[in-house]
A.B. asks: 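Mind looking over this structure? Questions follow.
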2 protein chains.
Amino acid sequence: MSSAPAGDALLALYPILTELTARARQRLQARAQLVQVPAGTTVFDERQACQGFPFVIAGSIRVVKAAPNGRELPLYRVTPGETCIISSACLLGQAPYNARGVTEADTTLLVVPTDDFQALLGEQAFRDFVFQLFSERIADLMQLIEEVAFRKLDQRLAALLLGKGQRLHITHQQLADELGSVREIVSRLLKGLAEQGLVALSREQVEILDPAGLRRLAGA
Amino acid sequence: MSSAPAGDALLALYPILTELTARARQRLQARAQLVQVPAGTTVFDERQACQGFPFVIAGSIRVVKAAPNGRELPLYRVTPGETCIISSACLLGQAPYNARGVTEADTTLLVVPTDDFQALLGEQAFRDFVFQLFSERIADLMQLIEEVAFRKLDQRLAALLLGKGQRLHITHQQLADELGSVREIVSRLLKGLAEQGLVALSREQVEILDPAGLRRLAGA
DNA sequence: GGGCGTCTGTAACCTTGGTTACAGAGCTGG
DNA sequence: CCAGCTCTGTAACCAAGGTTACAGACGCCC
């Protein structure tokens, strides 16, 4: 847990932090905790109090809303260089978490205690950075609300398939998880897409044959 | 459009502003625009650029996500003393609006230009205020996502009926609008609730007979 | 009182998505 | 090679919610 290399990685990933005052940077180095968590760990969950603000150094956190019946709806991911809007909101509002965060891979976090986070916010540069991420994530959430409230699943699936290259190596189950749905439905819909000539299917693979067609479907 | 009375009302509604530095307050007074809008006006809409930050002095703004087919899902309301998270997010991220704002009643706004809003954020007191509202609204949005993604309509209806007193003067259509659904379904569900003895129905009125039962239904 | 607009009740029907229940395909390690 | 695993295909059935189409109720104004 040497803080110097962590500090280097931190500054590389969050260049905004180089604009902090020397004092703030020292405080960060002194107080922040470097934490290693294996893949699949729940790092926070609904109703928990927020213990600190996480910078993601390596790995990623998948933030989901969990249904009573066990299904999950992904809200967003936090990857190195980003911040977690829900953690910010909980710290700022002194409210408990209202979603769950699970590591997708082995993950390294630098956790900043609550009051140090508040102090960081006093710095113009950091504040702008947090606000910026905030506003991006709000836009994402609005997009998500629009999707779950108004879009049909085939449209959401089409959108999900786009922008990831021409061949996706992924199982139907994983696609279903991304959509908050179930495997059988995704299989059924993929079959439909294949019949329209939009994709070609094989084991653990989806090949995009007609991106424009998919886009049309997704946008409709 | 005299700014003095507007200023008084503003300070009464947003007491946090009394903690601003004199300079910031003067700037506010000098630059902010007092605007009157009648009920039913669309004050901002999807894809529009954000022109300024609105303080609500009187009236209220209903912020909704509009579906392609014309239906609307209410996200939240902005009443006097509150702020609009989407406006903040758009200003901060220099992104266009991603929702629609419609006045519910005749409404008085004090609109602060973009760069003055940015300047205001430099003030600790105002920043804390905006952050605070931010975090509350995020929590609301998370709640909303949970509801539209996981809850059945009867549960959402039950929740909607609670906490508004014992007799609600409201039409089925208005309830449907709040839920982003349609009148027929709300009528059907209300009938169900009435048959369970939870409510009693009459023209433009819903009487809550069994609040505990409704809560149980809503929470399930 | 009669006409009109709003509000409510309700039935038939449809679409979407989820559930249940298997069967078979393909890989992998012993 | 074959036992067992994961992944896929698929059919039957179901529940929720939306759509369409009316009919009657109530209130109001002329």
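Basis for what follows: all heavy atoms, side chains included, without hydrogens, waters or symmetry-related copies. Numbers restart at 1 for each chain; the letters A, B, ... are given by sequence-line order, proteins then strands.
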A.B. asks: For B:F131 and B:F129, what are the C-alpha separation, side-chain angles and deciding distance, and is it a ring pair (Phe, Tyr, Trp, His ring centres under 6.0 Å)?
C.D. replies: CA-CA 5 Å; B:F131 270 142; B:F129 173 67; over 10 Å; no

A.B. asks: Would you please classify the geometry between the A:F55 ring and the A:F126 ring as parallel, tilted or perpendicular, with 30° and 60° separating the classes?
C.D. replies: tilted

A.B. asks: Could you give the CD-to-P distance, from B:E204 to D:dG27, as a whole number of Å?
C.D. replies: 9 Å

A.B. asks: Whole Å only: how far is the CG atom of B:D177 from the P atom of C:dC7?
C.D. replies: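 My rounded result for the distance is 11 Å.
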
A.B. asks: What's the NZ-P distance between B:K191 and C:dT10, to the nearest Å?
C.D. replies: 4 Å

A.B. asks: Could you say whether A:R151 or A:R183 is positioned toward the 5' end of DNA chain C, judged by the nucleotide with the nearest heavy atom to each?
C.D. replies: A:R151

A.B. asks: How long is the line joining NE2 of B:H169 and P of C:dT6, in whole Å?
C.D. replies: 21 Å

A.B. asks: Can you tell me how far P of D:dG18 sits from NE2 of B:H172, to the nearest Å?
C.D. replies: 16 Å

A.B. asks: Using only modelled atom types and a 3.5 angstrom limit, is any donor from either the side chain of A:R203 or the base of D:dT6 paired with an acceptor on the other?
C.D. replies: yes

A.B. asks: Just to confirm, is there a sub-4.0 Å distance from OP1 or OP2 of D:dG17 to any side-chain nitrogen or oxygen of B:S181?
C.D. replies: no

A.B. asks: Could you tell me how far apart A:E195 (CD) and D:dT10 (C1') are, to the nearest whole angstrom?
C.D. replies: 12 Å

A.B. asks: Going by heavy atoms in the side chains, are A:L209 and A:L214 under 4.5 Å from each other?
C.D. replies: no

A.B. asks: Ignoring the backbone of A:T171, work out which of D:dT8, C:dT10, C:dT8 is nearest its side chain.
C.D. replies: D:dT8

A.B. asks: Taking atom types as they are modelled, is there a donor-acceptor pair under 3.5 Å from the base of D:dG18 to the side chain of B:R71?
C.D. replies: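 For B:R71, whose side chain was compared with the base of D:dG18, there is no donor-acceptor pair (under 3.5 Å).
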
A.B. asks: Closest-nucleotide mapping onto DNA chain C: is B:S187 or A:D154 further toward the 5' terminus? I mean the 5' end.
C.D. replies: B:S187

A.B. asks: Round to the nearest Å and state the distance from A:I185 atom CD1 to D:dC14 atom P.
C.D. replies: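 These atoms are roughly 16 Å apart.
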
A.B. asks: If every non-hydrogen atom of A:R156 is compared with every non-hydrogen atom of A:L179, which pair is closest and at what distance?
C.D. replies: NH2-O, 3.1 Å

A.B. asks: Separation of A:F150 atom CZ from C:dT16 atom C1', in whole Å?
C.D. replies: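 My rounded result for the distance is 16 Å.
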
A.B. asks: Under 3.5 Å, is there a donor-acceptor pair between the side chain of B:Y14 and the main chain of B:I57?
C.D. replies: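 Not confirmed, B:Y14 side chain does not pair with B:I57 backbone.
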
